[in-house]
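Everything below concerns the one structure shown next.
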Amino acid sequence: MRLLETGFDGVDRRRERRIQNCEKYRGQLLSFGMHYLDQAMRGILPQDLISVGASSGAGKTQFCVNMALRNVESGRRVHMIALEAEQNEIEQRFEYGLLARAYFDDPTEKPFIKNLNYLDWVLGKFDDKLSKYESIIRDAFDSYKTFETYYKTKDFGLPELVQSIYSVAEKTDLIIVDHVHYFDLDDDNENRALKQIAKTVRDVVQNIG
């Protein structure tokens, strides 16, 4: 009878690998872009797979942009795959995040704008209040060159995802995929399709670290 490969290993050898991993990941903790999440979950390790879910319009894309913003400011290299956004929308959201922060950090601005939000900013509602920060933000953009985006312009399925990950594996610290339900998959069962996406990403992450 041929014995199957079990994958069992001794606790001593696994401890050695755990110590090696701790040394490898020390100083590589990434940020969620929100202080309370970083406090509660201690941040993101290189091999973590984080899934963000919320109802439509709740701010998932802006959350992802804020995560990218915070990590780029910490000197990390971030790549974002935008499957639903319009061309250059992510950069526009990036700029909005910088402008909003500059406004709220300015102690001379009292009272604050009520209900400051991305859409109204795009429509020009806050131009009179935020225009004075435009030059500051424009100068700051040179320091965000480690943030790169990819916009879906054709079919994008699991093969394209894997190829995209491997193409930047050696020059990135964080990969963000926005709107995974915009993947082009043959499976009509959304839950099963999402599970397959997560499994594929997990396998790739485990392989490249």
Side-chain angles (χ1 to χ4, degrees), residues 25-46 48-152 168 171-182:
Y25 295 147
R26 194 161 291 162
Q28 295 190 38
L29 202 63
L30 299 166
S31 172
F32 282 98
M34 288 189 176
H35 181 68
Y36 72 89
L37 283 179
D38 287 335
Q39 287 288 98
M41 302 180 69
R42 301 298 185 266
I44 306 170
L45 287 170
D48 281 348
L49 170 61
I50 307 296
S51 178
V52 179
S55 58
S56 179
K60 297 183 296 295
T61 297
Q62 192 62 51
F63 170 78
C64 290
V65 170
N66 292 345
M67 183 190 301
L69 177 63
R70 183 61 57 85
N71 283 290
V72 168
E73 289 175 337
S74 298
R76 306 304 174 88
R77 303 159 299 174
V78 180
H79 290 76
M80 187 166 178
I81 300 171
L83 299 182
E84 185 266 347
E86 299 176 2
Q87 290 288 326
N88 302 317
E89 179 184 336
I90 300 303
E91 288 73 21
Q92 192 166 253
R93 288 181 175 276
F94 205 80
E95 182 175 356
Y96 166 74
L98 291 172
L99 281 170
R101 188 170 64 188
Y103 174 77
F104 285 114
D105 284 348
D106 187 348
T108 66
E109 291 293 348
K110 303 282 185 180
F112 292 139
I113 296 174
K114 293 182 179 179
N115 195 30
L116 178 62
N117 63 88
Y118 170 75
L119 183 57
D120 283 337
W121 170 73
V122 170
L123 296 174
K125 183 176 180 180
F126 306 119
D127 283 353
D128 58 332
K129 279 288 188 181
L130 299 181
S131 59
K132 77 180 213 179
Y133 303 103
E134 292 284 352
S135 59
I136 300 174
I137 300 308
R138 197 178 304 114
D139 294 339
F141 257 76
D142 283 342
S143 61
Y144 294 96
K145 292 180 178 178
T146 58
F147 180 49
E148 297 184 11
T149 50
Y150 171 96
Y151 291 91
K152 176 184 175 180
V168 298
K171 55 181 181 180
T172 195
D173 300 299
L174 174 65
I175 298 175
I176 300 172
V177 182
D178 187 38
H179 282 86
V180 295
H181 57 287
Y182 274 82

Item to check | Residue pair His181, Glu84: steps toward the side chain to side chain contact (heavy atoms under 4.5 Å, CB included) verdict | outcome: CA-CA 9 Å; His181 57 287; Glu84 185 266 347; 5.8 Å; no
Checklist outcome for this item: Of all heavy-atom pairs linking Lys171 and Arg77, the shortest is CA-NH1, 3.3 Å
Checklist entry - Where do Ile137 and Tyr96 land on the side chain to side chain contact (heavy atoms under 4.5 Å, CB included) test, with the steps shown first? => result CA-CA 9 Å; Ile137 300 308; Tyr96 166 74; over 6 Å; no
Item to check | Lys152 side-chain N/O to Ile81 backbone N/O, donor-acceptor pair under 3.5 Å | outcome: no
Item to check | Nearest heavy-atom neighbours spanning Asn115 and Phe126 | outcome: O-CZ, 3.8 Å
Item to check | Check: Tyr144/Glu73 side-chain N/O donor and acceptor closer than 3.5 Å | outcome: yes
Next on the checklist: Parallel, tilted or perpendicular: which one describes the rings of Tyr133 and Tyr103, with boundaries at 30° and 60°?
Outcome noted: perpendicular
Checklist entry - Can you name the closest pair of heavy atoms from Leu83 and His179 and give their distance? => result CD1-O, 3.5 Å
Checklist entry - Is there a donor-acceptor pair closer than 3.5 Å between any side-chain N or O of Asp48 and the backbone N or O of Ile50? => result no
Checklist entry - So do Thr146 and Arg76 actually touch side chain to side chain, heavy atoms under 4.5 Å? => result no
Checklist entry - Just wondering, do Val78 and Leu69 contact through their side chains at under 4.5 Å, heavy atoms? => result no
Checklist entry - Run the salt bridge (charged side-chain N to carboxylate O under 4.0 Å, His left out) check on Arg70 and Asp38 step by step: do they pass? => result CA-CA 11 Å; Arg70 183 61 57 85; Asp38 287 335; 5.1 Å; no
Checklist entry - Which is it for Glu148 and Val168 under the side chain to side chain contact (heavy atoms under 4.5 Å, CB included) test, yes or no, and what are the steps along the way? => result CA-CA 10 Å; Glu148 297 184 11; Val168 298; 5.7 Å; no
Next on the checklist: Between Thr149 (side chain only) and Met80 (backbone N and O only), is there a donor and an acceptor less than 3.5 Å apart?
Outcome noted: no
Checklist entry - To the nearest 0.5 Å, how far apart are CE in Met41 and OG in Ser31? => result 12.0 Å
Checklist entry - Under the 3.5 angstrom rule, does the side chain of Tyr151 hit a backbone N or O of Asn88 as a donor-acceptor pair? => result yes
Checklist outcome for this item: Separation between CG (Asn66) and CZ (Phe94), nearest 0.5 Å, reads 9.5 Å
Item to check | Nearest-0.5 Å distance, CD1 of residue Ile176 to NE2 of residue His79 | outcome: 11.0 Å
Next on the checklist: For the CG atom of Leu174 and the CG atom of Leu30, what is their distance to the nearest 0.5 Å?
Outcome noted: 5.5 Å
Next on the checklist: To the closest 0.5 Å, what do you measure between CG (Leu29) and CG (Leu45)?
Outcome noted: 5.5 Å
Next on the checklist: Please check this pair: side chain of Asn71 against backbone of Met67, looking for a donor-acceptor N/O pair closer than 3.5 Å.
Outcome noted: yes
Checklist entry - When you look at Phe63 and Leu37, which way does the side chain to side chain contact (heavy atoms under 4.5 Å, CB included) test go after all the steps? => result CA-CA 12 Å; Phe63 170 78; Leu37 283 179; 3.8 Å; yes
Checklist entry - Distance from Glu91 atom CD to Phe147 atom CZ, nearest 0.5 Å? => result 6.0 Å
